[in-house]
Amino acid sequence: MKKMACAVLAGLFLLPASACARPVEPDAYAAGPAEIPVDILGELDEETLEDLVEEPRYVALTFDDGPRADTTARLLDGLLERGAAATFFVIGEQIPGNEALLRRMRSEGHQIGNHTYSHVRLLKAEKDAVVEEVHKAETLLREAVGEGSFWLRPPYGLIGAERAGLIKTPMIYWSVDPEDWKLLNKEKVVSAVLSAVQPGDIILLHDFYSTSVDAALEIVDRLQEDGYAFVTVEELFRIQEEEPQAGVLYARPDRRRELS
């Protein structure tokens with residue numbers, strides 16, 4: 001229904017149809033929703049009108065453990081077609097040979113994050129090892145896509161308070177975890193997400209698995225029809241007017257995760 005409403009607006013305002021599938025630039029959120037002229041609203045049926053004036057329900061899709069040439073590329077194709085943004089927490093060891101995928105992520109409006117160099121457990125790692133794991137991955141990210149703030153997702157979502165103090169960016173956990181890596185089943189992953197998701201959630205998936213890519217694209221289709229919009233984690237914080245802090249682990253912009 002949201003796609004149809006977008007098409008209606010495109011026709012009314014003489015916009016190109018491609019505008020409905022194009023990722024929204026981050027700065028577009030700062031200005032708030034555009035106002036629709038009253039005379040235009042009066043011409044629309046009730047169901048379409050509700051879709052147009054209803055505040056979108058924002059969520060963030062996040063993907064761990066990539067990039068992987070075949071699955072990540074297919075995922076990016078699907079997200080582009082649907083006009084959905086996502087956040088990719090990449091492993092440093094996966095970057096060599098996949099730099100073009102990272103550049104594509106950035107150019108198509110996705111957020112890129114750090115998942116350490118070798119997916120090491122940070123909870124009990126030596127402090128020097130924590131710094132090295134984060135720094136090595138960040139160095140490769142900068143070489144691939146240039147400067148940026150690469151937010152950290154600790155492997156397994158675990159990090160202690162003392163080691164968190166070494167992290168110079170916000171850290172992102174999740175609020176919806178379908179355990180796609182365990183299920184390896186598209187239908188079960190889709191069902192698990194749809195039964196749990198709420199506006200403002202951060203959804204955890206893995207672009208390393210073909211079944212997870214299939215599930216992610218169906219999740220986007222189903223939730224877009226239900227009025228959801230897919231944004232990056234950074235955009236989600238800005239939309240909810242939450243200022244993320246370095247060294248803090250967030251399950252959602254409005255919910256911090258207790259450190260181990």
Side-chain angles (χ1 to χ4, degrees), residues 1-13 15-38 40-63 75-76 78-87 108-111 174-178 180 186-205 212-242 250-255:
M1 178 54 67
K2 285 296 181 181
K3 292 178 181 177
M4 184 178 75
C6 183
V8 171
L9 276 186
L12 291 171
F13 294 108
L15 297 174
S18 60
C20 296
R22 188 177 302 149
V24 180
E25 293 297 329
D27 289 342
Y29 297 112
E35 293 186 2
I36 304 171
V38 174
I40 295 294
L41 292 177
E43 298 175 2
L44 303 178
D45 64 85
E46 183 176 349
E47 187 176 5
T48 303
L49 177 60
E50 289 178 358
D51 279 334
L52 292 176
V53 300
E54 179 185 1
E55 180 70 18
R57 291 179 280 182
Y58 296 103
V59 290
L61 267 181
T62 66
F63 297 93
L75 175 60
L76 289 172
L79 294 174
L80 180 63
E81 180 183 350
R82 291 159 175 79
T87 301
E108 293 178 359
H110 304 294
Q111 182 179 354
W174 53 83
S175 54
V176 176
D177 177 11
D180 58 317
K186 170 190 168 182
E187 288 74 20
K188 290 181 179 179
V189 172
V190 170
S191 177
V193 171
L194 296 184
S195 66
V197 69
Q198 297 292 327
D201 272 334
I202 296 174
I203 303 168
L204 170 64
L205 293 168
S212 296
V213 172
D214 294 337
L217 297 180
E218 182 166 334
I219 288 165
V220 172
D221 289 339
R222 298 276 293 274
L223 289 182
Q224 283 182 334
E225 289 295 328
D226 200 29
Y228 280 84
F230 290 85
V231 296
T232 67
V233 171
E234 187 173 8
E235 289 167 351
L236 192 63
F237 272 84
R238 184 161 63 250
I239 291 165
Q240 295 195 5
E241 299 182 343
E242 297 286 345
Y250 294 91
R252 297 167 34 118
D254 58 357
R255 186 187 309 161

Derivation and outcome, side-chain contact (heavy atoms from CB on, under 4.5 Å), residues V233 and Y250: CA-CA 10 Å; V233 171; Y250 294 91; over 6 Å; no
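Scanning for side-chain hydrogen bond (donor to acceptor under 3.5 Å, both in side chains) contacts around R222 gives E218, with sequence neighbours left out. Residues passing the side-chain hydrogen bond (donor to acceptor under 3.5 Å, both in side chains) test with D177, sequence neighbours excluded: none. Considering only residues two or more places apart in sequence or on other chains, D201 meets the side-chain hydrogen bond (donor to acceptor under 3.5 Å, both in side chains) condition with S175, R252.
When each of V190, V59, V176, D214 is paired with I219, the side chain to side chain contact (heavy atoms under 4.5 Å, CB included) condition holds for V190 and for no other.
In this structure, L204 and D180 approach most closely via the heavy-atom pair O-OD1, 4.2 Å. Looking at every heavy atom in both residues, L75 comes nearest to A216 through CD1-CB, 4.2 Å. Between L79 and H110 the shortest heavy-atom distance is CD1-CE1, 3.8 Å. Taking every heavy atom of both residues into account, V231 and Y58 meet most closely at CG1-CD2, 3.7 Å. Contact record, P253 with G200: CD-O, 3.8 Å, taken as the closest heavy-atom pair. Of all the heavy atoms in F230 and Q224, the pair that sits closest is CE1-CG, 4.0 Å.
Checked by atom type and distance alone, the side chain of T62 pairs as donor or acceptor with a backbone atom of I203 at under 3.5 Å. Looking only at distances, a side-chain donor or acceptor of Q111 sits under 3.5 Å from a matching main-chain atom of E234.
Between atom CG of residue L61 and atom CG of residue L236 there is a gap of 11.0 Å, rounded to the nearest 0.5 Å. If you take CZ on R82 and CG on D221, they are separated by 4.0 Å, rounding to the nearest 0.5 Å.
Within the 4.5 Å cutoff, the side chain of V213 has no heavy atoms near those of the F63 side chain. With contacts defined as side-chain heavy-atom distances shorter than 4.5 Å, the pair R57/D226 qualifies. A 4.5 Å side-chain heavy-atom check between V189 and L205 finds at least one atom pair inside the cut-off.
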